[in-house]
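Working notes, beginning with the structure itself.
Just the heavy atoms: all of them, side chains too, but no hydrogens, waters or symmetry mates, feed the values below. Reminder, nothing fancy here: chain letters follow the sequence lines and each chain counts from 1.
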Number of protein chains: 2
Amino acid sequence: MDTAPPDRSPTLDDVAERAGVSRSVASRAINNVGNVSAPKRAAVQRAVRELGYIPNPSARALATNRIGAVVLAVATDQPGIFADAFFAQVIYGISVALEPTDFTLTLVLAGRPEGRAKLQQIVRSRRADGIMLMNLHGDDPLTKLAEQATVPVVYGGRPLRGEPRWYVDTDNRGGARLATEHLVEAGHRRIATITGPLSLEVAEARYRGFRDAMAVAELPAGRVEHADFSEAGGAAAMTRLLQAYPDLDAVFAASDNMAAGALRVLRAHGRAVPGDVGVVGFDDLQTAQHTDPQLTTVHQPVPALGAEMTRMLLSVLDGARPTPLILPTRLVVRGSTRTTDRR
Amino acid sequence: MDTAPPDRSPTLDDVAERAGVSRSVASRAINNVGNVSAPKRAAVQRAVRELGYIPNPSARALATNRIGAVVLAVATDQPGIFADAFFAQVIYGISVALEPTDFTLTLVLAGRPEGRAKLQQIVRSRRADGIMLMNLHGDDPLTKLAEQATVPVVYGGRPLRGEPRWYVDTDNRGGARLATEHLVEAGHRRIATITGPLSLEVAEARYRGFRDAMAVAELPAGRVEHADFSEAGGAAAMTRLLQAYPDLDAVFAASDNMAAGALRVLRAHGRAVPGDVGVVGFDDLQTAQHTDPQLTTVHQPVPALGAEMTRMLLSVLDGARPTPLILPTRLVVRGSTRTTDRR
DNA sequence: GGACGGACTGGAAGCGCTCCCAGTTTCAGG
DNA sequence: CCTGAAACTGGGAGCGCTTCCAGTCCGTCC
């Protein structure tokens, strides 16, 4: 018997020996780089199959300085951000885009200092070939880390200041504008908005889109409360809005969660939706379909966001120099807004 | 000037040279293994600091055959499973538990064949030191993979058949029992249930808990429809239930999403909740608070599930032999059930 | 004072792979 | 039949780290 010892997984040398070629030829055959004659290539492939050979990634990484991993870093310290499906959907998109490749996804929650340190460690020690960075707040120290990184960084959403070289974003401004225009068309005039935290570019952009539409419609855009994208925050903001502007007849909430909170408060105050007050959200997460009435909202392609970030990063790693990408949004009309002008 | 060339990150040799010791001593000092005198240890630490030395993980992995990564594999092919926050919460728990360690989290969606192949690749090539495996269906081929794996596998939830050596689960049966008992105590007698797919142990366990409680209360447990844990599936099942058992006065749905769907159908059929029909869900995800009325449900500690899986895996990697862990559930009473017996 | 044991040390051998480069073979063209 | 270029091959030098082990140094005890 000359079967390989079963307690050790086969190495490239084993493959080479079995195929009757040198290690270099085996390596070249396996990696599909040139200069291997057809018969030897076939012999190597056969040996690989017979031995069940799998290259050792550590050894390969050591030799090539390429790891075969990308990291998704989410810059948040609040568990709440993981309370809805947004990031799950992003991750899903990334995973699908990564499937046909040999890359692996590493996940880092870079909110709290420990997580940041970890990300820094990963980046500095080259445990990943590239970074996807999401949810940066205005003055986030991660921006610096990203700038100094020796591996490419693709942003998901833009940071508040500066324009990174590579990013994928959603058309937040356009979407917010769409939502507001929809309310205007339905005959609403005293439209309020609940924004997200303005230290987030996405919140800022949606607020700007709201003001764009209001300006075009020549309506006052002063009915504003700020919240934190959460249901509770939305509810609190709605309460404040009702107190400050009891005459409001519509609300554009910059997230579905906040819209859900607003809906709850409106019902508690006896305001009918959409009869008395129209409500539009943003995101089109599952939540939007669970509210009563179901939420008219702006759909953004969340898995596509993850997938496109991944594709962009991979193309950069591949030497390409892609341009930033803005994904489209669209309005999904459900039950929380009237579709016809009643006045 | 004899500063290190800036284009190359410092290696262990650089550290050793600067500290005036040999590479071996430097290595031992850095890894805190014995036989290094105090002054040399201090010298090494100083050199590490001054040079900003970070060990190269690939080289270390190659030499030690330990990678410093664990993988979370989610055995699903439906994007829907990522539509709610469940897995996001698990991931959050894992990340937090991993933070104080040097381990990194790799995520694999092992639903579709490509993903499975990838997981297999990762396991066989030792790209990870251990696996956390979730959401196994009854006859999932991954079970085999897990059995053959040379690295430890911790299950999140039990597989339908067999009892793995290491797992963390939620007390699904007890929770379902709690939920059903609650309905019984509120005076309901014609209680139906909407189960999850019974190829999932979790669905099976919750169904069993329901029957447990019904048996104790000496009530018939035949009002049953099966669904897929989703909102739409829950709605469809509710429709079927109403048709088959128009007299039902309560529903235990095995997930919040299905309960939300049930709620929607009940309202459409003019059944008041909780007046005419009491509804209890399971999970206590965010959804449960967004429905109208808010959902009485069984709370399960999802981040803790992730965290405990992680801790268990790490302890196994550390040589310990922990026993399986069942996390407690508790009933959260909200608006979808009456709290007092009205009859 | 010499021998012995324990604490340290550092040279060197890998871990498994890639890739440079020198050498060999092949073959077309003159 | 010879020459030179092109195609292919395989030896070997790393990549940066851990760890075995033989050796050195020291203090101590008889």
Side-chain angles (χ1 to χ4, degrees), chain A residues 4-5 7-45 47-48 51-69 102 121 124-127 129 150, chain B residues 4-5 7-44 47-48 51-69 102 121-122 124-127 129 150:
Chain A
D7 58 337
R8 193 177 60 86
S9 55
T11 71
L12 189 56
D13 281 310
D14 300 330
V15 172
E17 191 187 343
R18 182 172 197 116
V21 301
S22 78
R23 184 158 21 103
S24 319
V25 172
S27 171
R28 262 178 263 135
I30 287 171
N31 293 302
N32 265 320
V33 300
N35 286 354
V36 180
S37 62
K40 296 215 171 185
R41 168 157 315 198
V44 169
Q45 285 166 348
V48 164
L51 254 31
Y53 169 75
I54 296 192
N56 178 317
S58 304
R60 183 175 269 179
L62 184 59
T64 60
N65 205 24
R66 264 168 281 126
I67 311 295
D102 277 329
Q121 187 96 350
R124 293 197 41 206
S125 69
R126 271 202 83 93
R127 262 182 109 111
D129 297 314
T150 54
Chain B
D7 56 337
R8 191 179 61 87
S9 56
T11 73
L12 190 57
D13 280 313
D14 299 331
V15 172
E17 189 186 344
R18 182 170 195 119
V21 301
S22 78
R23 185 157 21 109
S24 325
V25 171
S27 172
R28 263 179 264 136
I30 286 169
N31 293 302
N32 264 320
V33 299
N35 285 354
V36 180
S37 62
K40 295 214 170 181
R41 169 155 314 198
V44 169
V48 164
L51 254 33
Y53 169 74
I54 295 192
N56 179 317
S58 305
R60 182 176 271 179
L62 184 58
T64 61
N65 206 25
R66 263 169 281 126
I67 312 295
D102 276 331
Q121 187 97 347
I122 287 177
R124 294 197 39 206
S125 68
R126 271 201 85 91
R127 260 181 112 112
D129 297 312
T150 54

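- Annotation: side chain of B/Ile67 is in contact with side chain of A/Ser58 (closest heavy-atom distance under 4.5 Å).
- Contact of the B/Val44 side chain with the B/Val15 side chain is registered, since non-hydrogen atoms from C-beta on lie closer than 4.5 Å.
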Distances under 3.5 Å between nitrogen or oxygen atoms of protein and nucleotides 9-12 of chain C:
from   : atom 1 : to      : atom 2 : distance (Å)
C/dT9  : OP1    : B/Ser37 : OG     : 2.9
C/dT9  : OP2    : B/Ser37 : N      : 3.1
C/dG10 : OP2    : B/Ser22 : N      : 3.2
C/dG10 : N7     : B/Arg28 : NH2    : 2.9
C/dG10 : O6     : B/Arg28 : NH2    : 2.7
C/dG11 : N7     : B/Ser24 : OG     : 3.4
C/dG11 : O6     : B/Ser24 : OG     : 2.8

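- Helix-axis bend for the helix from C/dG1-D/dC30 to C/dG30-D/dC1: the local axis fitted to the five terminal pairs at one end deviates from that at the other end by 50°, rounded to 10°.
- Of the inter-residue distances, the one linking A/Asn56 atom CG with B/Asn65 atom CG reads 7.5 Å to the nearest 0.5 angstrom.
- Along DNA chain C, the nucleotide closest to B/Ala38 and the one closest to A/Arg60 are compared, and the more 5′ of them pairs with B/Ala38.
- Between the P atom of C/dA7 and the CZ atom of B/Arg41 lies a distance of 14 Å, rounded to the nearest Å.
- Atom CG of A/Asp13 and atom C1' of D/dG12 are 12 Å apart (whole Å).
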Original post:
Please walk me through it: do A/Leu12 and A/Ser27 pass side-chain contact (heavy atoms from CB on, under 4.5 Å)?
Top reply: CA-CA 7 Å; A/Leu12 189 56; A/Ser27 171; 3.8 Å; yes
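- The number of heavy-atom neighbours closer than 6.0 Å to CD of A/Gln45, taken from other residues, nucleotides and ligands shown, is above 12.
- B/Thr64 comes within 4.0 angstrom of sugar-phosphate atoms only, judged by non-hydrogen atoms across all strands, and of no base.
- Summarising the geometry of A/Ala26 relative to A/Ala16, their closest heavy-atom pair is CB-CB, 4.1 Å, with the distance given to 0.1 Å.
- Scanning both residues, A/Gly52 and B/Arg124, for their nearest heavy atoms gives O-NH2, 3.0 Å.
- A/Asn31 comes within 4.0 angstrom of the backbone, heavy atoms only, and of no base.
- Within a 6.0 Å radius of CZ in A/Arg41, more than 12 heavy atoms belonging to other residues, nucleotides or ligands are found.
- In this structure, the nucleotide among C/dC17, D/dT18, D/dC17 sitting nearest to the side chain of B/Ala59 is D/dC17.
- Remark: C1' of C/dC17 and CZ of B/Arg126 are 17 Å apart, rounded to the nearest angstrom.
- Side-chain proximity of A/Ala63 to D/dT19, D/dG16, C/dT18: nearest is C/dT18.
- The interatomic distance linking B/Leu12 (CG) with D/dG16 (P) rounds to 11 Å, in whole Å.
- A/Asp14 has its CG atom 13 Å from the C1' atom of C/dC17, to the nearest Å.
- Distance, B/Asn65 CG to D/dT18 P: 14 Å, rounded to whole Å.
- The nearest pair of heavy atoms linking B/Ile30 to B/Arg60 is CG2-NH2, 4.2 Å.
- OP1 or OP2 of C/dC15 has not a single side-chain nitrogen or oxygen of A/Asn56 nearer than 4.0 Å.
- A/Arg66 comes within contact range of the sugar-phosphate backbone alone, with a heavy-atom separation under 4.0 Å but no base atom that close.
- In terms of heavy atoms, B/Pro10 sits closest to B/Leu51 at CG-O, 3.5 Å.
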Report all interatomic pairs (protein N or O, nucleotide N or O of nucleotides 23-27 of chain C) with separations under 3.5 Å.
none

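- The nearest whole Å value for the distance from the CG atom in A/Leu62 to the C1' atom in C/dC19 is 14 Å.
- Ion pairing between a basic and an acidic side chain is recognised when a charged N comes within 4.0 Å of a carboxylate O; A/Arg23 and A/Asp13 show such pairing.
- Minimum interatomic distance between B/Pro57 and A/Ser125 (heavy atoms only, all atoms of both residues): CD-O, 3.3 Å.
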